[in-house]
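Only one structure is covered here, and it is reproduced in the block below.
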Amino acid sequence: MAKKKQDRMDKLVSLCKRRGFIFPSSQIYGGISGLWDFGPLGAELKRNVRDDWWLMNVRRRDDVVGMDTSIITHPEVWKASGHLDGFHDELVDCKSCKQRFRTDKIDGDKCPECGGELTDPRKFHLMFRTQLGAIADESLEVYLRPETCQSLFLNFKEIQSVARVKVPFGIAQVGKSFRNEVTPRNFIFRSREFEQMEIEFFCHADEENKWFDDWLAKRQQWFLDIGIKPERLRSMPHDDKELAHYAKKAVDLQYEFPFGWQEIEGIHNRGDFDLSQHTKFSGKDLSYFDEATGNKYTPSCIESSVGLDRTVLALLCDAYEEEPERVVLRFSPMIAPIKAGVFPLVKKDGLAELAQKIEHDLRKKFATVYDGGGSIGRRYRRQDEIGTPFGITVDYETLENETVTLRERDSMDQRRLKIAELAGTIEKACVRQS
Ligand code: GAP
């Protein structure tokens, strides 16, 4: 069973590379561990997921606003957040087989692979360090952010005045985070550079449980909306021993990857930890004055933190299916990188030009592709393998009555449709309807 799952994962990784979803960074130099490049299809897929997250969590809400903050911040931020002192992994090396393990991931004091003797544990800091400024003596030691959320706390006061929002309200952002992971693994699951989508939702402490439950339910629903199978998604509360230093309560949303159930998102009640810490370290008051009641207090914060790359990996694993005749990525049409492929039955008698015109017209609204090479069957298969929901074939009948064949990826059913009806049909399937 484990071997079957590993084979499946290997095939998916190979498909991602071959079809241009995701491949190792700096390939011509031999690649570099824990760093990945997203090719044309991967970039579209990622963008669709990111855009839907933004739509549902920012645009459609009148109580959440978005930000896009700098990756490098004042280094004091990481003292206040607790990262400078506490953000490290403890590692041991096997003296026989030389493999490296995180101490929190192994049982006992022997190598889990070969039973060999292990070194004493050593601590590895997970933040990337760099210098700000050109002159070594005067430059400031700074860090690439290991999470996107800290700047949302720093801007808590500023956002209230510029966006005229009142508690309860949230601040959201999508952006790159960096962690010098000592054991990057499982394709893009644990990388050293990745994208996070985070919301910090500020509320009165009396309402923190209500908002926690509300966000948990909404975030679960979002994964189902983008096509994750319900049986492969579960929520796992943290017990007291597992809680991060900043958290009062936490629930992980986990996906069943071929390599097991793993976290894709964390929902945390961070209480007033962050606003209080930044008040203490910066000397700037980050409390909230409630004009309606005349009360001043430091709000609690409910956090939703999801990895975009991990979500993309979950979607790829979820969509991948092998059938006797074909490999198909059954993406939800809403997030599929390409919405339709347009094919001329043959390239002569004006069919190629007509197919290109149809494709160019559709391209104004959707990501589409024209493919004129090989048998129609092969062209359908090529699109199935990258998850394109629709295939459109232009044939001799098109010249007579302006209809085309529309073929659906999942059912493989084909029907005739007027060219004028194509955009509406694709829109209905591929644009969020609720
Ligand atoms: N602000 C809270 C926070 O960063 P986290 O559990 O460390 O919490 C949140 O990270 C999410 O970010 C994870 O659920 C995961 O999806 C993603 N993530 C964390 N480390 C990652 C890594 N090394 N590679 C890819 N995604 C990662």
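If you read the sequence from its start, that first residue is 1, and numbering goes on from there. Reckoned from all heavy atoms, side chains included, excluding hydrogens, waters and symmetry mates. Note that ligands are numbered from 1 as they come in the structure, with each ligand's atoms numbered from 1 the same way.
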Any chance you could lay out the salt bridge (charged side-chain N to carboxylate O under 4.0 Å, His left out) test for R330 and E323, step after step, and finish with the verdict?
CA-CA 12 Å; R330 291 185 189 271; E323 294 176 0; 2.4 Å; yes
Give the intermediate values and the outcome of ring pair (Phe, Tyr, Trp, His ring centres under 6.0 Å) for residues W215 and F201.
CA-CA 9 Å; W215 276 105; F201 193 84; 5.6 Å; yes
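Where the criterion is an N or O separation shorter than 3.5 Å, residue side chain and backbone included, G307 meets it with respect to ligand 1. For H268, no nitrogen or oxygen atom sits less than 3.5 Å from a nitrogen or oxygen atom of ligand 1, counting backbone and side chain alike. Annotation: I264 places an N or O atom under 3.5 Å from an N or O atom of ligand 1; distance criterion only. For the pair R190 and ligand 1, the shortest N or O to N or O distance does not fall below 3.5 Å.
Within the set A244, S191, S304, S305, the minimum heavy-atom distance to atom 23 (N) of ligand 1 is found for S191. For atom 22 (C) of ligand 1, the candidate residues are F178, Y246, F194; the nearest heavy-atom contact is made by F194. The residue from R310, E263, E181, E198 that puts a heavy atom closest to atom 6 (O) of ligand 1 is E263. Considering each of E195, R145, R179, E147, the one bringing a non-hydrogen atom nearest atom 5 (P) of ligand 1 is R179.
Between the side chain of R310 and the backbone N or O of I188, no donor-acceptor pair lies under 3.5 Å. Formation of a donor-acceptor pair under 3.5 Å by the T293 side chain with backbone atoms of N295 is found in this model.
Listed by number with element, the atoms of ligand 1 under 4.0 angstrom from any heavy atom of C149 are 1 (N). Distances below 4.0 Å separate heavy atoms of F189 from the following atoms of ligand 1: 24 (N), 25 (C), 26 (N). The distance from ligand 1 to the heavy atoms of E303 drops below 4.0 Å at these ligand atoms: 1 (N), 2 (C). Listed by number with element, the atoms of ligand 1 under 4.0 Å from a non-hydrogen atom of R270 are 1 (N), 2 (C).
Annotation: F87 is not in aromatic contact with W78 [ring centroid separation under 6.0 Å not met]. Aromatic rings of F202 and F156 (six-membered ring for Trp) have centroids within the 6.0 Å cut-off, being under it.
Nearest protein heavy-atom neighbour of atom 10 (O) of ligand 1: Q196 NE2, 3.3 Å.
In this structure, R122 pairs ionically with D93, as a charged nitrogen and a carboxylate oxygen lie closer than 4.0 Å. In summary, D371 and R382 engage in a salt bridge, as defined by a charged side-chain N under 4.0 Å from a carboxylate O.
Defined by atom type and a distance below 3.5 Å, a donor-acceptor pair is missing between the side-chain atoms of W211 and S300.
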